[in-house]
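Since the structure comes first, as structure tokens, the remarks are kept for the end.
No hydrogens, no waters, no symmetry mates; every other heavy atom, side chains included, goes into these values.
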Amino acid sequence: MSDLPEFRISVDQNPYLPVGGRDMHAIVSVEARSPGGGPPAAGTEAAEAIVIDTSGSMSFGGKMAAAKRAAVAAVEALRDGVHFAVVAGANRPRMVFPQGERLVRADERTRQSAVRAVRRLDAAGGTAIGSWLRLADRLLAAHDGAVRHAILLTDGKNQHETGDELGAALRQCEGRFVCDARGVGTDWEVAELRRITSVLLGGFLDVPDPADLEADFLAMTRAAMGKRVADVALRVWTPQAAELRFVKQMVPAVEDLTGRRVASGERTGDYPVGAWGSEAREYHLCVRVPASAVGQRMRAAHVKLVAPDGAVLASGNVLAEWTDDEARSTRINRRVAHHTGQSELAAAVREGLEARRAGDEETATKRLGRAVVLAREVGNEQIAGLLDRVVEVVEGEPGTVRLRPGVAKADEMALDTRSVRTVRTVRTRPGRTGDHGGEPDQSGQSDEAGRPEEAGPPGDAGS
């Protein structure tokens with residue numbers, strides 16, 4: 001555990017509620033900085049499964065050749081000591097390297113052997129992604145406690161097993177490893193990769209040009225090699241009679257974690273957030289508390305980041321205070337507003353594209369028009385640019401758009417894929433412990449990693 005990053009939690013909120021007010025919103029920012037900024041220490045265990053689609057469709061458009069270059073780049077980026085394997089996916093998965101269902105430790109010899117095996121890959125057969133994931137799970141299962149990660153590449157839909165079979169595979173793999181996925185070309189299903197990576201706490205991206213796969217795999221593998229602690233959870237305590245309405249990851253992408261709560265005490269729940277290296281993520285919490293009298297102050301939630309052994313990596317408080325000062329209670333915290341807008345933006349894009357595919361032009365125009373407005377408000381220039389390829393803004397009428405005819409499939413897939421990717425705001429006054437007043441950055445209640453765990457809230461038996 002000595003190689004753990006230094007974690008810090010900061011909370012942004014307007015803690016003031018009006019008379020009778022109950023819903024408290026807060027943005028919990030978690031920042032992890034690895035000691036020295038270098039690679040993990042030799043003792044940091046990691047296991048990596050690289051799963052490459054080798055179905056027959058990969059033989060078209062240079063995809064198989066690009067996939068082999070990408071897999072080679074990933075293998076060569078593995079640091080010494082990491083356990084790894086390469087798997088070929090088709091109707092059934094098969095081991096490319098090593099022989100037999102196992103991982104081997106990366107060193108110069110095993111990396112070169114893996115590269116030679118990857119270069120012999122051919123494309124044939126169908127696509128059964130659930131079976132690929134099950135094999136990855138069997139390979140990674142022997143390395144419990146390590147940072148377990150899989151890279152998944154596909155160019156097609158999951159056509160050679162049922163949706164129920166894929167669902168069963170995902171239920172088996174959930175919580176056992178993190179999976180990042182890439183879709184190459186334009187024949188894969190955005191919703192399918194979103195479903196897979198959502199369950200497995202990873203991310204996915206579109207790679208329409210196979211020539212871009214190599215650099216993408218290299219970056220993805222380097223990021224995976226930088227992880228230092230696996231199976232981290234966000235633990236949230238709320239007081240008696242309070243209700244945690246939702247927990248959403250907002251940075252780097254929108255992901256609703258509310259339904260993933262695992263009770264860890266009488267009033268605490270754990271939300272899995274996967275493996276961590278040097279990085280920053282942000283979460284949006286909404287707690288419904290019992291209304292109280294003017295002047296009353298309470299802790300609405302206590303948030304901790306916990307390691308698998310229960311060690312608290314960082315913690316922070318969400319506060320609530322009732323006031324009859326309208327100027328205080330009506331202030332809108334800038335970061336809460338920003339992330340509320342980004343959630344709505346992702347929903348507007350998804351609903352607009354679904355309506356467009358269903359031929360409901362009225363709904364598509366309305367929702368994508370709303371998305372254009374929101375993208376500008378939250379400063380998400382990438383989404384704004386992608387929207388511009390799908391709709392035409394009517395000048396002088398904010399929020400009014402026309403659907404463009406003949407939109408390229410790659411452009412629609414790019415907008416769909418990236419609609420949940422968010423942009424960060426800069427905190428203006430980070431880390432002011434106990435700050436309970438000013439705006440826009442009001443809170444900063446934070447503890448740094450390595451400090452003794454503070455006493456839990458009264459009655460916090462489970463934390």
- prompt: Stepwise, does the side-chain contact (heavy atoms from CB on, under 4.5 Å) test hold for Val407 with Arg356?
  reply: CA-CA 11 Å; Val407 174; Arg356 184 178 177 277; 3.2 Å; yes
Where do [X] and [Y] come nearest, in terms of heavy atoms and distance?
| X | Y | answer |
| --- | --- | --- |
| Asp180 | Gly203 | OD1-N, 2.7 Å |
| Tyr271 | Thr258 | CE2-O, 3.7 Å |
| Ile52 | Phe217 | CD1-CE2, 3.7 Å |
| Pro239 | Ala300 | CD-O, 3.1 Å |
| Gly130 | Ala169 | O-CB, 3.5 Å |
| Leu374 | Gly341 | CD2-O, 4.2 Å |

message: Before you tell me yes or no, could you show the steps for Thr162 and Asp164 under side-chain hydrogen bond (donor to acceptor under 3.5 Å, both in side chains), namely the whole-Å CA-CA distance, both residues' side-chain angles and the distance that decides it to 0.1 Å?
response: CA-CA 5 Å; Thr162 66; Asp164 288 344; 5.1 Å; no
task: With side-chain contact (heavy atoms from CB on, under 4.5 Å) as the test, would you mind laying out the steps for Ile9 and Val28 before giving the verdict?
output: CA-CA 7 Å; Ile9 283 181; Val28 176; 3.8 Å; yes
Is there a side-chain contact between [X] and [Y], using heavy atoms and a 4.5 Å cut-off?
| X | Y | value |
| --- | --- | --- |
| His284 | His25 | yes |
| Tyr16 | Asp325 | no |
| Arg404 | Asp388 | yes |
| Leu257 | Tyr283 | yes |
| Ser29 | Arg335 | yes |
| Arg194 | Asp416 | yes |
| Leu305 | Val273 | yes |
| Met24 | Leu17 | yes |

Pairing of [X] and [Y] as salt bridge, 4.0 angstrom limit:
| X | Y | answer |
| --- | --- | --- |
| Arg260 | Glu255 | yes |
| Lys248 | Asp256 | no |
| Arg367 | Glu354 | no |
| Arg357 | Glu412 | yes |

Sole residue of Leu345, Val390, Val393 in side-chain contact (heavy atoms from CB on, under 4.5 Å) with Val372: Val393
Heavy-atom donor-acceptor pair, [X] side chain to [Y] backbone, under 3.5 Å:
| X | Y | value |
| --- | --- | --- |
| Lys227 | Val147 | no |
| Asn317 | Leu319 | no |
| Ser278 | Ser34 | yes |
| Asn14 | Arg331 | yes |
| His160 | Thr127 | yes |
| Arg105 | Gly81 | yes |
| Arg148 | Ala141 | no |
| Glu362 | Asp360 | no |
| Arg288 | Ala242 | no |
| Thr422 | Pro252 | yes |

Atom [atom1] of [X] with >12 non-hydrogen neighbours under 6.0 angstrom:
| X | atom1 | answer |
| --- | --- | --- |
| Arg33 | CZ | no |
| Glu381 | CD | no |
| Arg134 | CZ | yes |
| Glu101 | CD | yes |
| Arg418 | CZ | yes |

message: So, applying salt bridge (Lys or Arg N to Asp or Glu O under 4.0 Å) with Asp270, which one of Arg261, Arg235, Lys304 is it?
response: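 Only one option passes, and that is Arg235.
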Calculate, to the nearest 0.5 Å, the distance between atoms [atom1] and [atom2] belonging to [X] and [Y] respectively.
| X | Y | atom1 | atom2 | value |
| --- | --- | --- | --- | --- |
| Asp212 | Arg182 | CG | CZ | 11.5 Å |
| Phe84 | Thr221 | CZ | OG1 | 11.5 Å |
| Glu192 | Asn158 | CD | CG | 4.5 Å |
| Asp411 | Leu387 | CG | CG | 11.0 Å |
| Asp187 | Thr154 | CG | OG1 | 10.0 Å |
| Met225 | Leu78 | CE | CG | 5.0 Å |

- request: Give the C-alpha distance, both sets of side-chain angles, the deciding distance and a yes or no for side-chain contact (heavy atoms from CB on, under 4.5 Å) between Ile383 and Leu415.
  value: CA-CA 7 Å; Ile383 300 302; Leu415 177 59; 4.1 Å; yes
message: Using 30° and 60° as the class boundaries, would you call the ring planes of His143 and His83 parallel, tilted or perpendicular?
response: tilted
message: Angle between ring planes, Phe7 versus Trp276, binned at 30° and 60°: parallel, tilted or perpendicular?
response: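 The arrangement is perpendicular - the two ring planes meet at more than 60°.
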message: Between Leu200 and Leu133, does the side-chain contact (heavy atoms from CB on, under 4.5 Å) criterion hold? Intermediate values first, please.
response: CA-CA 10 Å; Leu200 301 181; Leu133 294 171; 4.1 Å; yes
- prompt: Do Thr238 and Glu243 have side-chain N/O donor and acceptor atoms under 3.5 Å apart?
  reply: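 Short answer, no.
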field: Step-by-step salt bridge (charged side-chain N to carboxylate O under 4.0 Å, His left out) determination, Arg334 to Asp12
entry: CA-CA 9 Å; Arg334 181 172 59 86; Asp12 289 84; over 6 Å; no
